[in-house]
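Worksheet: the structure to be examined is printed underneath.
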Amino acid sequence: MTTLLQFKNVSKQYGNSTVALSDVNFSVNEGELVSIIGPSGAGKSTLLRCINRLIDATSGEIIFDGADMLKINKKHDLRALRTKIGMIFQNYNLVERLSVFENVLHGRLGYKSALVGALGLYNENEKKQAIKIIQSLGLNEQVYKRCDQLSGGQKQRVGIARALVQEPRVLLADEPIASLDPNSSKVIMDHLKNICTTLGITVLVNLHQLDVALNYSDRIIGISGGRVVYDGLPANLTDEDIRRIYGSDPEALNLIIQKPKEVAQKI
Amino acid sequence: MAMTKTAGPVLTNGGVPPFQEGRIKIRVLSKANIAIRLTMLILAVLTIVGFATFNYQGVHLLKGLMSTLANFKTIFFQPQFAHFTLLEAIYQLFITLSLGVLTTLIGAIIALFLGMLAAENLSNKTVSNSIKGFVAVIRAVPTVLWVLIFAVSAGLGSVAAVIGMSFHSISYLTKAYSESFEELNQGTIEALEGCGASWWQIVCQAVLPSSLTSLISWTFIRFEINFGVSVAMGAAAGAGGIGYDMFMDSAFYYNLHEMGVITYLILIVAMLLEFMSIKIKNKVRA
């Protein structure tokens, strides 16, 4: 397996005092589904946003696909690299007034010249590809519906479709199921797992739900106070590790941890 | 039984005896409440003192009121053409309307770009704040004053009116537009940036479609304002149109009958504009 993404001594400081990430080191292989867990404010979102430079890290190296993301200065090069990185969000972040189809096609904007993209001109191949992805996510009937008429789970699937239409190498998911009910959460996580196994796209997902992380991921990275405190297989995560990540006992968190992979195997 | 023990005041209200003396107040008197009451009181006193100490200079209040009402009667119940025909009046109305359309259009086009630069989510903080501050200063001076200021260099007339009214429209619409743009969730912009979309792509594909409704309604509101101002400009700045005829009727011919006709015509146009704005808003929302 080849390494797709590598963090080398990455730190991020806001202002003079607030440290969001300090000396983060880890690497992600191609085709892995990696969960990043940790308490709120631990730096999970900052970490994901450093990868596609929505936030600029203060120091260190982020090697993605052989290139150091932090060394890219030209707008054009940054746009080109960002097309390779899809991202989905807790709040979906769709343009609510536009249709599902238009929102999904937005994923192609990074490939276009400023003018063509601004006018919203897409070629037939792109449209066909978008329809295919929309169908594979089970949104056939919603193609021309406006996004403000969709349910949360449907909106998140539109978000996934927008990311997939980019033909990304890696998909970043920033707490994708935090505002969804258990059923929709399962649908979304199943889709992410499916994307990972069948399309071979690497998935990095921030999660608050430890049980979901244990069931779905190939690897777990635990973050606390901006530092990586666990990096390993879900099966090897001990009570001691959980205590280090969340700062309290698993019993106090009232966690009912099933045997890892039990749910994932059912899919 | 032990269970029937009643909870004393210590448990219910932190030691203070609860609502025991006198009537129960609905509101607690806060600083804001006191400030509002004081303001109302001062305004009431000032009004009474003002009326009591006016220098009426021989004008009898009741008599003056009666003749004003008599003038209103002439204007509203006996409208009649004298110096021009209905067709000419409509032509003049079109001139006034055109002044409103032209100044709104100029204002809207320039304000669209300034609004983007002034919106905090599309621009940086320094640029945004400096444009917003500049525009606030322009807006603080009334439109009529801007027209008179420009009249110094352009001379009284339509040129000064167009420049002055556009000037104020730009600042008004810049504020309105930038606030509409800012309503778009920062996350959506972030998501498109993450896709590799450029600034203009984000503006055209996300910001404009999201704020189109409010842009259109703000523009129409400004058009209604500009129509009213251009009536006034006809008189005050000699910009022509129906306002100028009204000014002539009231100040030179003293023909209240014809003034009545003009008033009704303006009223009809204003109501039509209102009706249209409601229609447009409904259509865009759907």
Side-chain angles (χ1 to χ4, degrees), chain A residues 45 48-49 51-55 75-99 102-122 146-148 158-159 162-168 170-172 174, chain B residues 108-109 111-117 119-127 176-220 280-286:
Chain A
S45 292
L48 279 195
R49 282 168 172 73
I51 298 172
N52 59 4
R53 292 268 305 270
L54 286 175
I55 292 174
K75 255 187 189 167
H76 180 77
D77 296 344
L78 183 61
R79 280 185 62 196
L81 238 103
R82 276 177 173 172
T83 59
K84 296 280 159 227
I85 306 171
M87 190 162 187
I88 63 173
F89 304 83
Q90 177 183 347
N91 300 319
Y92 328 119
N93 293 351
L94 307 170
V95 184
E96 300 266 319
R97 278 166 183 276
L98 295 182
S99 70
E102 284 169 296
N103 266 292
V104 172
L105 283 169
H106 281 167
R108 297 302 298 180
L109 286 176
Y111 290 100
K112 301 194 164 292
S113 75
L115 184 68
V116 175
L119 294 175
L121 303 172
Y122 305 96
R146 260 170 58 159
C147 282
D148 46 13
V158 176
R162 177 174 65 186
L164 286 184
V165 131
Q166 285 176 239
E167 296 170 350
V170 60
L171 184 64
L172 311 174
D174 190 14
Chain B
I109 292 169
L112 194 67
F113 293 101
L114 278 180
M116 286 172 195
L117 292 175
E120 255 169 47
N121 50 359
L122 295 177
S123 164
N124 66 53
K125 220 168 169 100
T126 328
V127 175
Y177 287 176
S178 67
E179 277 170 10
S180 310
F181 294 149
E182 279 167 5
E183 270 169 32
L184 180 68
N185 176 0
Q186 184 67 46
T188 307
I189 294 172
E190 196 186 26
L192 289 182
E193 266 179 11
C195 292
S198 68
W199 190 83
W200 275 110
Q201 289 176 347
I202 292 172
V203 166
C204 293
Q205 287 294 312
V207 180
L208 288 182
S210 301
S211 50
L212 198 62
T213 323
S214 43
L215 293 191
I216 289 175
S217 33
W218 277 116
T219 312
F220 214 88
I280 289 175
K281 265 183 239 164
N282 286 344
K283 202 150 230 160
V284 177
R285 285 241 168 87

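All figures in this text were calculated on a predicted structure; none of them were measured in a lab. Proteins come first, then strands; the chains are lettered A, B, ... in the order of their sequence lines, and each starts at number 1.
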Rounded at 0.5 Å granularity, tell me how far CG in L78(A) sits from OG in S198(B).
12.0 Å

In terms of heavy-atom pairs under 4.5 Å with chain B, which of T83(A), L54(A), N103(A) leads?
L54(A)

Just verifying a value: how many Å separate R97(A) CZ and T213(B) OG1, rounded to the nearest 0.5 Å?
3.5 Å

Only pairs of heavy atoms separated by less than 4.5 Å count here; which of H106(A), M87(A), Q166(A) has the most with chain B?
H106(A)

Per-residue tally against chain B (heavy atom, under 4.5 Å) across L172(A), V116(A), L98(A), N52(A) peaks at L98(A)

Among K75(A), K84(A), R162(A), who wins on heavy-atom pairs under 4.5 Å with chain B?
R162(A)

In this structure, CD of E102(A) is separated from CD of Q205(B) (nearest 0.5 Å) by 7.5 Å

Listed partners of R108(A) passing salt bridge (Lys or Arg N to Asp or Glu O under 4.0 Å), at least two apart:
E126(A), E167(A)

Name the option with the most non-hydrogen atom pairs under 4.5 Å to chain B; the candidates are A80(A), G110(A), A118(A).
A118(A)

Can you spot which of R53(A), R49(A), R82(A) makes a salt bridge (charged side-chain N to carboxylate O under 4.0 Å, His left out) with E190(B)?
R49(A)

Check each of I189(B), N185(B), L192(B) against N93(A) using the side chain to side chain contact (heavy atoms under 4.5 Å, CB included) test, and report the only one that passes.
N185(B)

Assert top hit (heavy-atom pairs under 4.5 Å, partner chain B, pool I88(A), L115(A), L94(A)) equals L94(A)

Distance from E193(B) atom CD to L109(A) atom CG, nearest 0.5 Å?
12.5 Å

